[in-house]
Every structure is written in C-alpha cells, then in structure tokens.
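Data block below; observations after.
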Amino acid sequence: MSDGDDALLLGAAAPPSANGEPVFDAPWQSRVFAMARRLNEQGHFTWDEFRACLIAEIAAWEAAHPGADYHYYDRFFAALLQLLERKSICSLAELGRRSREYAARPHEH
Amino acid sequence: MNDRPPQAVRAEALEDLLMEKGLLKGSDVDAVIQRYTERVGPMNGARVVARAWVDEDFRARLLEDGAATVAEFDFEGGQTERLVVKANSDEEHHAVVCTLCSCYPWAVLGLPPAWYKDPEYRSRIVREPRLVLAEMGLQLAPEVAIRVWDSSAEVRYLVLPQRPAGTDGWDEAALAGLVSRDSMIGAALARRPEEVA
C-alpha cells in the first residue's frame, strides 16, 4: 500500500486534476487537501483509510440525495472530519464551536 | 447546512485547531500545497506584471483601474471586485496585508500562504514594516519609504514590483518567470536574471 502521489492522484475517489495537479475552486479546498495529506504523511492514518472513508462518505451522500451531483471537496472535508473524530484527533463539536466563533468575527467577509 | 459557517471558515478553524494541538504547522500545509500547485495561480499575476513591464499603456491602465485591466486576461478562479495595483519605485516600496482576516486576490495570486494570515504578521507589518520585511529576507535601503496597504472585502491590493536590471529585450513569458507571488504581496522583490539562470 503506497501513500505516494500516484496513489493519491489516480485510482478510486481521486481529486479532480489537470496535468497531474489537483484542481481547486477555492483556497479552502487546497488547505483541507493539504491538511489531510500532511496528517497522512505523519502517520495519523493511511491513505487507504482516508480513501475508504471518502468513498463511504460519497456513497452516503448520494443515497441521501438521489440524482444530485456531490461536490468533491465538501465530501472530502466531511470525510476528513469523520476520520479525525474517529481517531480522537479533533471532534466535530470542537470544530463546530471554533467555526461559529470565527463566523461571528466582526468584519465584512 | 443551515446556519453552518462557510467551508472557508470551517477550514480555517480546523487548521488552527490542529496547529494548537501541535499536529501541524501552517508552513507544512503551505509546502504541501506548493508541491501540488506550482504552475497555477501566481502565474496569472506574473503575466500581468510582465505585460506592465513591457507595455507602457497597459501599465498606465493597470494603475488606473486594476480590476478592469486584469479582466482583459480573462483568468478563471473568481473575480476580484476592486483590485488596486501599487507600483514599487526607487522611492517607495509597497506591502499588502489584510488586518481583519485574510483577504487575498485569489484569481491573480492563487493560494494564499499561511504566513499571510498569521496574526503576528498582520499586526506587525503595519507597525514595523521595515523590520518584518527584513526578517522575511527583504532588506530595503533607509531612503526607500514603505507603504502598507490594508486589503478588505471591497478593495484588494496587488504590488507591481520593479523590473529587474539586465532584462532588456526579454519577452513577456521570460519576464513572468521572474515574478514570484511574494513580490506581488510586497514581501520580496522580483527575482533577478542571475537567480533563475
């Protein structure tokens, strides 16, 4: 089982890519992608584990939204969070609190 | 999804939480991104700069109305509502910050680096720009005035770095190769020919 770039960019549930590079619609997607990759490189989970989580996440979403197209990085982010909770690295509750705190920041964005 | 903060906010929250837990550093995340995305993003801005270096009319239009002029290139990746371009000169060096959060002209500069949204960078670049830039490797002569521009949701700034010496007769593509993302934020100068040889 390889955690190398070939396994990452090809094969099941690979990210959208062009010319061998992942394609991001927005900066947050690249941050989430890179966080997942970094945690994998540090040994918190294997890429196969992550990929299995992502495939399951996509399947669950499709079952709940018949006929609709999933958004790859929304599913990717959800899968990462599930894995982080399962591994007791970061809980969804913790992320929720911090996100709401940031969302309430006083600025125009 | 009701009332859930936007993905960008959640991603920022996650990155901060993971950093606080000691699991990763922002610079690590930057490095991974860079590994995967070397050719997109900042190259858009670099092409704009290169054209401004060779075409006086274009340069004038760019400094007059950044967003409209950049739109001549038809880049993908979202619009930059109001883009103001600041030209570096022998007398003035410009640097850009968003002190509130991390506004960034994504369509022309690609993915923002972690240090750009670091609270320390943001507050210090406004208060002591010469020192912060020196810490980042950019030494500016004392007679060069430094102006720091605060980006917001409405107005984003792009720095037009000075054209390096020794580039007479270079075409736009070659010139674009000298323009780094950091030079368009004002954290560095454009690369010199000998640095890319």
Could you state the interatomic distance from CZ (A:Phe77) to CZ (B:Arg10), rounded to the nearest 0.5 Å?
5.0 Å

Check A:Ser99 against B:Val9 and note the closest heavy-atom contact, atom names and distance.
O-CG1, 3.5 Å

Atom pair CD (A:Glu41) and CG (B:Leu24), whose distance is rounded to the nearest 0.5 Å
11.0 Å

At what distance, to the nearest 0.5 angstrom, does CZ of A:Arg105 lie from CD of B:Glu12?
4.0 Å

What about B:Val96 and B:Leu131, same hydrophobic cluster or not, with Ile/Leu/Val/Met/Phe/Trp/Tyr joined at side-chain heavy-atom distances under 4.5 Å?
no

The reported gap from NZ in B:Lys25 to CZ in A:Arg38 (rounded to nearest 0.5 angstrom) is 7.0 Å

More than 12 heavy atoms of other residues, nucleotides or ligands under 6.0 Å from CD of B:Glu72: yes or no?
yes

Name the option with the most non-hydrogen atom pairs under 4.5 Å to chain B; the candidates are A:Gln42, A:Gln29, A:Arg98.
A:Arg98

Interatomic spacing from CG in B:Asp16 to OH in A:Tyr102 - rounded to 0.5 Å:
3.5 Å

Are more than 12 heavy atoms, taken from residues, nucleotides or ligands other than A:Asp69, located less than 6.0 Å from that residue's CG atom?
no

Determine whether more than 12 heavy atoms belonging to other residues, nucleotides or ligands lie under 6.0 Å from atom CD of B:Glu56.
no

Heavy atom to heavy atom, less than 4.5 Å: which residues from residues 88-96 of chain A reach chain B?
A:Ile89, A:Cys90, A:Glu94, A:Leu95

Check whether B:Leu18 gets within reach of chain A through its side chain, its backbone, both or neither, counting any heavy atom under 4.5 Å.
side chain

CG-CE distance between B:Leu23 and A:Met35, expressed to the nearest 0.5 angstrom
11.5 Å

